[in-house]
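Please read these numbers as outputs of a predicted model, since none were measured by experiment.
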Amino acid sequence: MASRFRFSPVPGGGESDPWFRIGTLDVNTTTFTTIAASAMFVVFALVPSLFEVLLLDPFLVWRSGQIWRVATWPMANDISFWSVITIFFFWYFGSSLEQTLGRTKMANLLVWVTLCLGVLTVALSILFQGAYLVRFGLGTIGLIVLLLFIAENPHIRFFFNIPGWVIGAIFVALPVLSYLSQRDFVGLMDFVVGLALAAVVARSLGLLRDYHQIPDLAFFRHRQPRQARRSQRRGTVVSGPWTGSSSQAASDRAKLDHLLDKISATGMDSLTKSERKQLEVLRRRLRGE
């Protein structure tokens, strides 16, 4: 029984591979975040005061120097059925985005969005000191993940055959109308600017390529892998999709890893039409579809 839940790292894994495995469970970036957020329910039940330590209270950040709150607020999910639904939808749509981005860029997306929203909230609280802003839980991150999924698939059909872009518009319009009805203009600014920052981060990391009005900033992209940089400097040939393999699965995995590494290094736009088609075919084949 114990062997079924053994922790096993995945040495040399590509961007489509998990970071590690727990028994038969593949733990990638989205799954790890989901497990961590869910585990905090137990932690908060045992140590209720920890919730107040993790949430983002801007006053405690800029007056008391509790800078960790800028990064920890997504883990402060209150114990409720709504939090469970939020975490589930984060996992569901986040897993789809991670198939496009790869595990490293998905991690970068979550980290940068968390930090950008945290800094924004603190900055607005300092600028408008009469306003009271606070952030906690995966709600905002989950909404951003959902909106990014819809932006990548605007015509996908949801329940009752409703187009994705309609669902996205509703999820944006409702908070905006709520802030307007309460005359909470600072909160509205926090929400709208936060979505805009998240869009810039997402496009910089390889999403939203069809939305050319959104800036693409190299600042948010991680550096090219060391091995790839070394190979380019030496002028060596990098093993890629032309490399043979003794099995079809291993060959497909190598081809997929090569394409994902190319996306990681130079962005989705660097792929040719044939490479994009090959990417989708390989993903479906490796998933057994």
Side-chain angles (χ1 to χ4, degrees), residues 5 7 18-57 68-118 120-121 133-153 156 158-159 162 164 167-168 170-172 174-175 178 190-191 194-195 197-199 201-202 205 207:
F5 299 96
F7 172 90
W19 293 106
F20 56 89
R21 293 187 177 93
I22 302 177
T24 59
L25 175 64
D26 290 344
V27 180
N28 54 21
T29 300
T30 303
T31 304
F32 178 81
T33 306
T34 302
I35 293 174
S38 301
M40 294 306 294
F41 289 150
V42 178
V43 175
F44 294 148
L46 298 175
V47 188
S49 59
L50 187 60
F51 180 89
E52 299 293 333
V53 175
L54 297 182
L55 63 79
L56 176 56
D57 185 332
W68 68 82
R69 295 176 181 270
V70 174
T72 60
W73 59 269
M75 290 294 103
N77 294 277
D78 57 339
I79 304 175
S80 66
F81 186 67
W82 175 248
S83 292
V84 173
I85 295 176
T86 299
I87 292 173
F88 170 77
F89 279 107
F90 165 81
W91 168 81
Y92 185 83
F93 294 107
S95 297
S96 178
L97 287 182
E98 188 162 353
Q99 290 178 7
T100 301
L101 286 173
R103 63 185 189 181
T104 303
K105 283 193 172 183
M106 186 66 184
N108 287 343
L109 175 69
L110 296 181
V111 169
W112 278 118
V113 168
T114 296
L115 294 178
C116 286
L117 294 183
L120 171 66
T121 299
L133 299 175
V134 63
R135 282 196 185 275
F136 62 90
L138 273 177
T140 304
I141 302 293
L143 174 61
I144 288 171
V145 166
L146 171 63
L147 293 177
L148 289 176
F149 173 82
I150 291 174
E152 291 289 297
N153 309 275
I156 195 171
F158 282 77
F159 44 85
I162 302 175
I167 299 295
I170 292 173
F171 272 95
V172 172
L174 287 178
S178 177
D190 189 42
F191 177 74
L195 292 185
L197 288 174
V201 173
L205 291 175
L207 296 173

Hey, are the side chains of [X] and [Y] touching, using non-hydrogen atoms and a 4.5 Å cut-off?
X    : Y    : value
T31  : P18  : no
N77  : M40  : no
T100 : L207 : yes
T30  : F90  : yes
V27  : W19  : no
L117 : L56  : no
T86  : W82  : yes
L205 : M106 : no

Matching residue for L110 among L115, T33, V201, L97 - test: side chain to side chain contact (heavy atoms under 4.5 Å, CB included):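 Exactly one pass, corresponding to T33.
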Side-chain donor/acceptor of S178 to backbone N/O of L174, under 3.5 Å: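 No, S178 side chain to L174 backbone: no donor-acceptor pair under 3.5 Å.
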R103 backbone acceptor or donor facing T29 side chain under 3.5 Å: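 Confirmed, T29 side chain pairs with R103 backbone.
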Verdict with supporting geometry, I79 and F51, side chain to side chain contact (heavy atoms under 4.5 Å, CB included): CA-CA 10 Å; I79 304 175; F51 180 89; over 6 Å; no
Nearest 0.5 Å, please: how far is [atom2] in [Y] from [atom1] in [X]?
X    : Y    : atom1 : atom2 : value
I87  : I35  : CD1   : CD1   : 11.5 Å
L133 : F191 : CG    : CZ    : 13.5 Å
F136 : R69  : CZ    : CZ    : 13.0 Å
I156 : I162 : CD1   : CD1   : 13.5 Å
I22  : F32  : CD1   : CZ    : 9.0 Å
T104 : L109 : OG1   : CG    : 12.5 Å

Heavy-atom pair of closest approach, residues L54 and A76: CB-CB, 4.1 Å
Within 6.0 Å of OH in Y92, more than 12 heavy atoms from elsewhere: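 Not buried by this count: 12 neighbours or fewer within 6.0 Å.
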Greater than 12 external heavy atoms within 6.0 Å of F41's CZ: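 Result for CZ/F41: enclosed.
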Using residues 141-153 as the side-chain source, report each donor-acceptor pair under 3.5 Å to any protein atom, sequence neighbours left out, with the distance given to one decimal.
from	atom 1	to	atom 2	distance (Å)
E152	OE2	L208	N	2.6
N153	ND2	F149	O	2.9

Whether F93 and F158 hold their rings parallel, tilted or perpendicular, with breakpoints at 30° and 60°: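 Rings of F93 and F158: tilted, 30 to 60°.
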